[in-house]
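Inspection log for the structure reproduced underneath, given as structure tokens.
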There are 2 protein chains.
Amino acid sequence: MVKKQYKVAILGATGAVGTRMIQQLAASTIPVSEVHLLASARSAGKTMTFKGESVTVEEAKPESFDGIDLVLASAGGSVSGRLLPEAVKRGAVCVDNTSFFRMNDQVPLVVPEVNEKDLAWHHGIIANPNCSTIQMVMALEPVRQKYGLNRIVVSTYQAAGGAGQSAIDEMNAEAQADLNGEEFTPQILPVKGDQKHYPLAFNLLPQIDVFEDEGYTHEEWKMIHETKKIMLGDKNSPDIKVTATCVRVPVPVGHGESVWFEVGTDQRPTVAQLHEVMADFPGLVVQDDPSQQLYPQPKTAEGRRETFVGRVRRDLETPGAYNLWVVADNLLKGAAWNSVQIAERLVADDLVRVPEHNAELFL
Amino acid sequence: MVKKQYKVAILGATGAVGTRMIQQLAASTIPVSEVHLLASARSAGKTMTFKGESVTVEEAKPESFDGIDLVLASAGGSVSGRLLPEAVKRGAVCVDNTSFFRMNDQVPLVVPEVNEKDLAWHHGIIANPNCSTIQMVMALEPVRQKYGLNRIVVSTYQAAGGAGQSAIDEMNAEAQADLNGEEFTPQILPVKGDQKHYPLAFNLLPQIDVFEDEGYTHEEWKMIHETKKIMLGDKNSPDIKVTATCVRVPVPVGHGESVWFEVGTDQRPTVAQLHEVMADFPGLVVQDDPSQQLYPQPKTAEGRRETFVGRVRRDLETPGAYNLWVVADNLLKGAAWNSVQIAERLVADDLVRVPEHNAELFL
């Protein structure tokens, strides 16, 4: 039997996540016969490199997906909402890194180490969760599997790169202006389309994405509902209580998260027992030795596919509650690598096909 | 009656906090007849300015406190431990910004808006709490007074300046090297006296102060025990459960804190009701309007004496639990201003005197 080769399209190929999707795809186990790099009209004609070969960026249109087997998308929610149904209609299976389809009941939301099983019921689109959600469920899933999870209280320390390369560029320019004692007028952060913009360099911005109901930002809502959908299969499940505060910090790449959680059983695991289940979990690396000042940091996580967990401690006054600190490269495990990893599993499980009756499901 | 004038000594006058103590003292209501600026032998002879007058820095020695009424100290714990008992012996009342005496049962630990009453029983030394503790109790005390407090889970975003001016300088030099694509070898952060040093610029360091028991850092222990001593008068009180994760972030001045808390009664205050008690609390400013993207930021809190609170939200799944975000200038309300504010209250309440029988209490 001839090993199947895949024609892959990367939608949003020129962005911070898209460029990393190209690299991660090149380094993946997926046999790629053709790669198509799609972007907005503005980027069309630019050349990029895939496995040493020059590839010209094309403007993304519905017809761009003719003959494509697999799509990796990270060009923004509205682009995915418009174009991915066209790709599915043409028979392509799409891994979407935007939030557009994440809460759609017809769309699996997948972190492969946690819920690869959900790939089996896809209808043409698989959603890649939000970066901050992915690394948190990576750290907590081994705990949940062994000891259950009753409650999560998370505070995030999110890197500029989560808002794209332009946000990193703005932060760096701001930092340089600040060091020079010069003025700088931010135009992107905290949210490009929002009314006001604030400096991130040497500052903290407790707003990621737009504000929604009850004073929570969209990012905070995502962490609450996506966590439940990934871990429990139900975005509104009361079985794990989740609350979140999301803060942008002046770091280019690599999100940190301070997580307080309560286990769901009467068992009271020791820190050593938590380390053990975490160390056994694929893709999760325990970096936790206070005597050696070993703990996860964005600078040491950048460029790595793994998720790093440390500072695991018992809450000294609440039996069954614990604190931890988790860091991952938000553009890799939080986005490009998790998407390519989903695609690898789809290929390995022979799931790169759209059932015919689903072709119009998302139109 | 002639208004009393005070002879004031500032111990550690050349540091990040000491220089701000000079400014805050100059801008205070305290009638100062003489100011003595004390520091290590290395800084002796340097001249600084107080209310437009040039003052020569002297080397701090026991005899430096002869004739002094009030001492403001911020030269490190071991210096306070050695010299403040000498000052008390000589009749001076000391406001100490180090952690040396904070847990001493003979020493009030005071945030004036919260527990000014504890000044009445001082024995010559009053401790200024840890910067991260001060701003948290400022935000939560109005809630506690009206609705009680059952539990606090706090994650901090602490500025480099908490580790002194040299830490700010190191972070800035690192940031410049990073922007230039050059190497930089950190020698101060996360903790000057610890074994390893890591870059803070464009990074996150989940270690503040040295590691102690149970995997908690000394900073985290401080937040747990100081909060209870300030709010309840007992550092080991079980009446408020506190757990903390402290993280250094690449910001020069201004700590942020994400706080999840449960009220202690069956009342379920609305966000508007919490805003109301917070807005009425002296020194606390509510900056909380998502529709205007109004929330506390280090850049807008720097140089201000107030504590700023925002992002107040109900925990949507746990009745009686809430999230908030609080920012203050850690070198002012967190240190220099809170110390001078304590001194102002001591003066106003005629408490600038050491009871004779206490003169040797701390020796």
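Just so it is clear, the model here is predicted, and its values are computed rather than measured. Residue numbers start from 1 in every chain, and the chains themselves are labelled A, B, ... in the order their sequence lines are given, proteins ahead of strands.
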What part of B/P296 lies closer than 4.5 angstrom to a heavy atom of chain A: side chain, backbone, both or neither? backbone
Between B/A201 and chain A, with a heavy-atom cut-off of 4.5 Å, which part of the residue counts as in contact: side chain, backbone, both or neither? backbone
Could you state the interatomic distance from CG (A/N203) to CD (B/E302), rounded to the nearest 0.5 Å? 9.5 Å
Interatomic distance, CG@B/N323 vs OH@A/Y216, rounded to 0.5 Å, equals 4.5 Å
Should [X] and [Y] count as side-chain neighbours, where that means a heavy-atom distance under 4.5 Å?
{"X": "B/I240", "Y": "A/E317", "value": "no"}
{"X": "A/L179", "Y": "B/L179", "value": "yes"}
{"X": "B/D315", "Y": "A/K241", "value": "no"}
{"X": "B/V249", "Y": "A/L204", "value": "yes"}
{"X": "A/E214", "Y": "B/V271", "value": "no"}
{"X": "B/L205", "Y": "A/K299", "value": "no"}

Indicate whether any N or O donor in one side chain lies under 3.5 Å from an N or O acceptor in the other, for [X] and [Y].
{"X": "A/Q176", "Y": "B/Q176", "value": "yes"}
{"X": "A/Y198", "Y": "B/Q297", "value": "no"}
{"X": "B/T243", "Y": "A/R313", "value": "no"}

Which of [options] touches chain B most, by non-hydrogen pairs under 4.5 Å:
{"options": "A/V327, A/V191, A/L324, A/V242", "answer": "A/V242"}
{"options": "A/N172, A/D194, A/D288", "answer": "A/D194"}
{"options": "A/P190, A/S258, A/P290, A/G256", "answer": "A/P290"}

Backbone of [Y] reached by a side-chain donor or acceptor of [X] within 3.5 Å:
{"X": "A/Q293", "Y": "B/Q195", "result": "yes"}
{"X": "B/K196", "Y": "A/Q292", "result": "yes"}
{"X": "A/R311", "Y": "B/G215", "result": "yes"}

With a 4.5 angstrom heavy-atom cut-off, which part of [X] approaches chain B: side chain, backbone, both or neither?
{"X": "A/T217", "value": "both"}
{"X": "A/D178", "value": "side chain"}
{"X": "A/V210", "value": "neither"}
{"X": "A/A244", "value": "backbone"}
{"X": "A/I224", "value": "side chain"}

More than 12 heavy atoms of other residues, nucleotides or ligands under 6.0 Å from CD of B/E183: is that the case? no
Residue by residue, which of residues 155-165 of chain B have a heavy atom closer than 4.5 Å to a heavy atom belonging to chain A? B/S155, B/T156, B/Y157
Residue set satisfying ring-ring contact (aromatic ring centres under 6.0 Å, His included) with A/F211, at least two apart, ordered chain then number -> none
